[in-house]
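All values reported here derive from a predicted model rather than from experimental measurement. Throughout, protein chains are lettered first and strands after them, A, B, ... in sequence-line order, and every chain is numbered starting at 1.
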Amino acid sequence: MCDQTFLAIVFGPCDKCSKEKPLRPVYIKSEQLSFCSLCVEMMATEGLQENETLASLKNEAESLKGKLEEERAKLHDVELHQVAERVEALGQFVMKTRRTLKGHGNKVLCMDWCKDKRRIVSSSQDGKVIVWDSFTTNKEHAVTMPCTWVMACAYAPSGCAIACGGLDNKCSVYPLTFDKNENMAAKKKSVAMHTNYLSACSFTNSDMQILTASGDGTCALWDVESGQLLQSFHGHGADVLCLDLAPSETGNTFVSGGCDKKAMVWDMRSGQCIQSFETHDSDINSVRYYPSGDAFASGSDDATCRLYDLRADREVAIYSKESIIFGASSVDFSLSGRLLFAGYNDYTINVWDVLKGSRVSILFGHENRVSTLRVSPDGTAFCSGSWDHTLRV
Amino acid sequence: QDMTEKELLKMELDQLKKEVKNERQMISKTGKELKEYIESMAGEDPLLKGVPEDKNPFKEKGGCTIS
């Protein structure tokens with residue numbers, strides 16, 4: 001005798017229409033339900049409709065993107081370098097390293113200037129965050145974070161505190177004290193909590209609020225004192241790698257760049273994305289506002305830097321050369337906005353003429369990739385940090 | 001983020017609809033303004049025009065001479 005398996009037919013109320021009928025097992029999102037045969041039929045056709053709406057949504061999205069491109073193209077009446085044709089070309093530049101800050105035990109990942117134009121905070125892979133006096137090269141403060149890969153650090157506008165974070169998924173604020181007896185780590189304040197690594201942070205106009213960007217795909221605005229989340233910014237499709245706040249005169253916006261190749265401009269109060277730009281071919285590692293606030297530059301793994309005009313709502317310049325094949329990790333403008341400094345993974349820093357689109361100078365000196373670069377607040381110098389464990393001013 | 005693909009697409013769609021309505025200006029105008037900004041600030045840009053050695057806070061520290 002062979003075993004016979006019988007289809008056990010359960011009779012009872014259908015999970016969908018509640019009528020008493022013979023039921024069939026149905027699996028929805030790994031949950032088992034029992035539907036009557038009529039409802040099973042309806043489910044099957046609904047599934048079809050579901051797919052149709054998905055496809056039609058995708059189509060609508062594509063056509064809207066096309067329309068957006070069209071609208072943007074209408075304004076593309078002239079190239080930036082054409083507008084700048086009559087501008088005097090820049091002469092040869094000689095820029096020398098004036099200071100080399102040594103002391104990190106591992107790759108320097110991020111740095112920021114203090115508003116006093118001489119102090120610098122830098123963070124590295126070994127978990128150390130150091131505050132330097134760039135004039136004397138002395139280390140003024142040092143703190144060891146409980147995590148490695150401190151990818152973000154920022155100086156508070158008052159100069160009295162620093163913020164940093166990385167693989168610990170948090171952004172912590174350390175007040176700076178000159179009292180030798182005080183342990184800096186003891187006063188640490190955890191402000192931001194993300195669900196993935198912290199990639200960038202920046203104080204807003206005051207010491208009271210911090211803006212963060214994270215590998216979890218979001219940016220967030222926090223109140224430092226209470227640690228409360230004030231606003232969150234969703235929209236990136238992948239890790240957010242960088243952010244920059246608009247210069248205070250132009251209002252409450254910031255720009256962020258991510259692994260989804262998009263640069264997005266946000267309204268800090270509403271949490272809404274105002275504009276987005278997707279012209280890079282790879283991750284955007286760095287974004288920086290133009291000094292007037294009407295444009296921003298981005299540096300990407302696709303080895304190009306690009307300038308986006310916010311009022312024309314489009315990319316207006318690409319800074320690239322066939323000979324440059326390594327990604328740009330960090331960008332910043334000179335005081336007037338005429339020069340764009342960009343640090344690359346091929347250990348060099350290229351200086352671009354923003355208006356003409358040409359390279360003005362190439363700076364050598366670092367022995368490993370340049371990971372971070374910032375111009376000082378008064379524009380007299382810029383500092384670059386590198387995987388070769390040093391910072392150069 | 002645990003949203004269905006449909007919900008993500010809807011979000012993207014709404015965002016795109018908003019962006020299409022953004023006000024835009026011609027590059028001939030905005031580019032010109034960028035250029036004008038640079039020209040107005042260029043005189044003040046130390047990295048652009050260089051800094052005289054005696055005013056440079058980062059100049060190399062001189063050695064001491066004992067005469």
Side-chain angles (χ1 to χ4, degrees), chain A residues 50 53-54 57-58 60-61 64-65 67-68 71-72 74-80 82-84 87 90 94-95 98-99 117-118 134-135 217 234-235 237 272-276 290-292 294-295 309-314 316 334-339 341 354-355 375 378-382 393, chain B:
Chain A
E50 180 80 24
T53 24
L54 211 57
L57 277 179
K58 280 193 186 158
E60 224 193 307
L64 266 182
K65 278 191 195 169
K67 181 130 197 294
L68 194 55
E71 291 294 317
R72 284 173 165 170
K74 284 184 195 161
L75 306 145
H76 193 188
D77 56 343
V78 86
E79 296 287 344
L80 186 62
Q82 288 172 305
V83 172
V87 178
L90 295 170
V94 176
M95 283 186 212
R98 299 284 184 175
R99 299 281 189 277
K117 311 159 211 159
R118 67 188 272 177
S134 63
F135 288 2
H234 298 260
Q272 292 290 317
C273 168
I274 308 174
Q275 289 164 288
S276 76
Y290 186 79
S292 70
D294 293 325
D309 185 321
L310 290 169
R311 284 168 314 162
D313 190 36
R314 59 172 294 122
V316 293
S334 70
L335 194 71
S336 64
R338 181 69 195 270
L339 300 174
F341 297 93
V354 171
L355 290 178
V375 172
D378 61 350
T380 51
F382 72 91
V393 179
Chain B
Q1 294 239 21
D2 327 297
M3 290 196 293
T4 64
E5 203 184 330
K6 191 167 166 202
E7 286 166 13
L8 282 169
L9 269 178
K10 280 208 115 186
M11 254 180 64
E12 205 186 317
L13 215 50
D14 289 334
Q15 180 61 30
L16 282 169
K17 284 186 190 147
K18 256 190 278 167
E19 288 187 20
V20 172
K21 299 207 188 99
N22 279 343
E23 225 187 87
R24 294 177 189 86
Q25 298 174 21
M26 301 296 258
I27 294 188
S28 46
K29 175 163 176 279
T30 62
K32 187 153 161 289
E33 284 173 22
L34 280 176
K35 176 180 80 115
E36 281 165 3
Y37 180 86
I38 289 182
E39 286 177 330
S40 69
M41 302 288 287
E44 303 296 312
D45 189 342
L47 284 168
L48 198 57
K49 63 182 178 49
V51 182
E53 279 300 301
D54 55 344
K55 292 223 175 62
N56 186 352
F58 290 106
K59 72 177 189 293
E60 269 84 37
K61 297 175 267 196
C64 299
T65 42
I66 302 177
S67 50

Using non-hydrogen atoms and a 4.5 Å limit, figure out which bit of A/Leu64 sits close to chain B: side chain, backbone, both or neither. both
Indicate the atoms forming the closest heavy-atom contact of A/Pro291 with B/Tyr37, along with that distance. CB-OH, 3.4 Å
A/Leu68 and B/Leu16: side chain to side chain contact (heavy atoms under 4.5 Å, CB included), yes or no, with the steps? CA-CA 8 Å; A/Leu68 194 55; B/Leu16 282 169; 4.1 Å; yes
Side-chain (A/Tyr290) to main-chain (B/Leu34) donor-acceptor, under 3.5 angstrom: yes
With chain A, the option among B/Gln25, B/Lys35, B/Met41 that has the most non-hydrogen atom pairs under 4.5 Å is B/Gln25
To the nearest 0.5 Å, tell me how far B/Lys29 NZ sits from A/Arg311 CZ. 5.5 Å
Given heavy-atom pairs under 4.5 angstrom as the criterion, report whether the side chain, backbone, both or neither of B/Gln15 touches chain A. side chain
Top contributor to chain B contacts, counting heavy-atom pairs under 4.5 Å, from A/Gly337, A/Gly237, A/Cys273: A/Cys273
On a heavy-atom basis, the closest approach of A/Ala312 and B/Thr30 is CB-OG1, 3.7 Å
Heavy-atom nearest pair, A/Gly379 first then B/Pro46, reads O-CG, 3.2 Å
Closest heavy-atom pair, B/Glu19 versus A/Gln275, reported as atoms and distance to 0.1 Å, is OE2-C, 3.9 Å
Rounded to the nearest 0.5 Å, what separates atom CG in A/Leu335 from atom CD1 in B/Ile38? 11.5 Å
Applying a strict 4.5 Å limit to non-hydrogen atoms, the region of A/Arg118 in contact with chain B is neither
